[in-house]
There are 2 protein chains.
Amino acid sequence: MPLTPDRSLIAKIDLFSGLDADALDDVVRRGHTRRLPKDMQVLVQGDPATTCHAVIDGRIKISQTTPDGGQVVLRYLGPGEMYGTLAVLMGIPLPADAIAVVDSVEIYWPAAAMADLIERHPKIALASSRLAGGRLVDLQTRLREVTTERVEQRLARTLLRMLGQAGRRTAEGVEIDFPITRQELGEMIGATLHTVSRTLSAWEEHGIVESSRRRIVVRDPDALAAIAEEPRPPAAAAP
Amino acid sequence: MPLTPDRSLIAKIDLFSGLDADALDDVVRRGHTRRLPKDMQVLVQGDPATTCHAVIDGRIKISQTTPDGGQVVLRYLGPGEMYGTLAVLMGIPLPADAIAVVDSVEIYWPAAAMADLIERHPKIALASSRLAGGRLVDLQTRLREVTTERVEQRLARTLLRMLGQAGRRTAEGVEIDFPITRQELGEMIGATLHTVSRTLSAWEEHGIVESSRRRIVVRDPDALAAIAEEPRPPAAAAP
DNA sequence: CGCCGGGTTGAGCTGAGTCAATCGACGTGG
DNA sequence: CCACGTCGATTGACTCAGCTCAACCCGGCG
């Protein structure tokens, strides 16, 4: 993994989509690339937002810590996704922590550089609006899910989503290509690691998934989709 | 309530804060004011976003309908608050319904007019970023609450919040100045009307609130605050 | 080779949901 | 002005999803 990324990577970042080659060069020139060792905490919730980050390689976990020590995992980011950016553009303190879950590489821009870039390439401002809009819709969706759906459905939906953005085809099925614990899965859906473990075990019985330490392979995505859509009560069986 | 609002009202709208008198006149000139009868549905979830709205007087409910008919209430808006706006600026379909819960008055701007205004008064674009940022933080907070707190705490928090933005002092305490049902309260916090009813009844026993049909008076906000902060289990009493 | 982080699983417990019946306050039309 | 219908609220009885508590297992890693 070279530390000097070419334009092709940057062009895929949604915030910079639609920029021409010169503009992209400009963007790359103002950014700093660096390695993030596994477990490194990149951003701290509550700190002032001074840098915009984009993942080049690896995986970053965005999570919130509650006043009483609980954790809520908001999302996992892969190559091409940005973080810390909206807080910078909106002038608010960082709303969450960011931690590398595997060795990763990122590129980041100081707030001032980003401000310059936006001034020179106004398309970026537009893109950031769309970015914020998408995030808003995502959060509303999750809020709705968490208040109206059962744990099993939320877990199914979450796994499917993760397959979409971090799925790697293997002989066995589709594998989530970064390590994740039951605990973290629980924090994503608002459940305990126990319930997650039980649910995964049950699914494993039915051959829907296959899992081991920090590793999950989905064998039957369709079955998961069916579970996600399942209506209220699974209905009682005949006696 | 006159149908031609003066600048003083508009100046209080966060999206237009910081504009000078001329700019405000410009804003008012491009807007259309109208009455909204109680129960009128102003915006429909999923429709394209073509108008920006600001409440002048009254109260608007923003809610989402789930695929299977459930409702999630996102927020209640009072005078000076905007809705539909971010969807317009971000070019996304309306993410929620908007309904007048009492007879209300609003001012609205067609998307094109708003685009003009932003071009002539770039401060508006900045303010909209802050607006979106605030909304993002709110949603994250609610997501965290709904996954980590119990119904009683969420209800307490929600009532306190509503007091802040719609509380009216009375002899008995602070009253929520618009009608709201147990059902709607439930939809705000992700609970059933039954649980809400039981909780309110219990609080009424303790003299914390007083409630009747579609009406809620908080007698002891401090007690609510205490409940909202309460840690995990209230702990068993000594035998 | 012993420890520790992660996972599994059983046995309760309980917060909150479901089902169901009843009640009271409005509003409305005869 | 009163009778009725409707909408919201209350309350009891029961159920159950998911949590807590707890014991135990397993496989790396130092």
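Below, chain A is the first sequence line, B the second, and so on; all start at residue 1.
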What is the distance, rounded to the nearest whole Å, between atom [atom1] of [X] and atom [atom2] of [N]?
{"X": "A:L193", "N": "D:dC19", "atom1": "CG", "atom2": "P", "answer": "10 Å"}
{"X": "A:R154", "N": "D:dA17", "atom1": "CZ", "atom2": "P", "answer": "14 Å"}
{"X": "B:Q153", "N": "C:dG15", "atom1": "CD", "atom2": "C1'", "answer": "12 Å"}
{"X": "A:R215", "N": "C:dG5", "atom1": "CZ", "atom2": "C1'", "answer": "18 Å"}
{"X": "B:E149", "N": "D:dG18", "atom1": "CD", "atom2": "P", "answer": "19 Å"}
{"X": "A:E204", "N": "C:dG7", "atom1": "CD", "atom2": "P", "answer": "12 Å"}
{"X": "B:R150", "N": "C:dT14", "atom1": "CZ", "atom2": "P", "answer": "12 Å"}
{"X": "B:E187", "N": "D:dG8", "atom1": "CD", "atom2": "C1'", "answer": "13 Å"}

Quick one: is [X] getting a side-chain N or O under 4.0 Å of the [N] phosphate, OP1 or OP2?
{"X": "A:T195", "N": "D:dC19", "result": "yes"}
{"X": "A:T192", "N": "D:dC19", "result": "yes"}
{"X": "B:S201", "N": "D:dT11", "result": "yes"}

Any side-chain donor paired with an acceptor under 3.5 Å for [X] and [Y]?
{"X": "B:T192", "Y": "B:R182", "value": "no"}
{"X": "A:T65", "Y": "A:Q71", "value": "yes"}
{"X": "A:Y83", "Y": "A:E106", "value": "yes"}
{"X": "B:D97", "Y": "B:Q41", "value": "yes"}
{"X": "A:R161", "Y": "A:T158", "value": "no"}
{"X": "B:R215", "Y": "B:S212", "value": "yes"}

Heavy atom of residues 170-182 of chain A under 4.0 Å from DNA chain C: which residues? A:T181, A:R182
Base, sugar-phosphate, or nothing: which does B:G190 touch, judged by heavy atoms less than 4.0 Å apart? sugar-phosphate
Heavy-atom closest contact (A:V102 atom, A:P179 atom, distance): CG1-CD, 3.4 Å
Pairwise 5' ranking along DNA chain C for B:A191 and A:V196, keeping only the more 5' one: A:V196
Protein-proximity profile, nucleotides 22-30 of chain D, B/S/- by nucleotide at the 4.0 Å heavy-atom cutoff, equals B--------
Counting only side-chain heavy atoms from C-beta out, which of D:dT11, D:dC19, C:dG7 sits nearest to A:R214? C:dG7
Residue pair B:D57 / B:S104, side-chain heavy-atom distance below 4.5 Å: no
Is the shortest side-chain heavy-atom distance between B:V217 and B:V174 below 4.5 Å? no
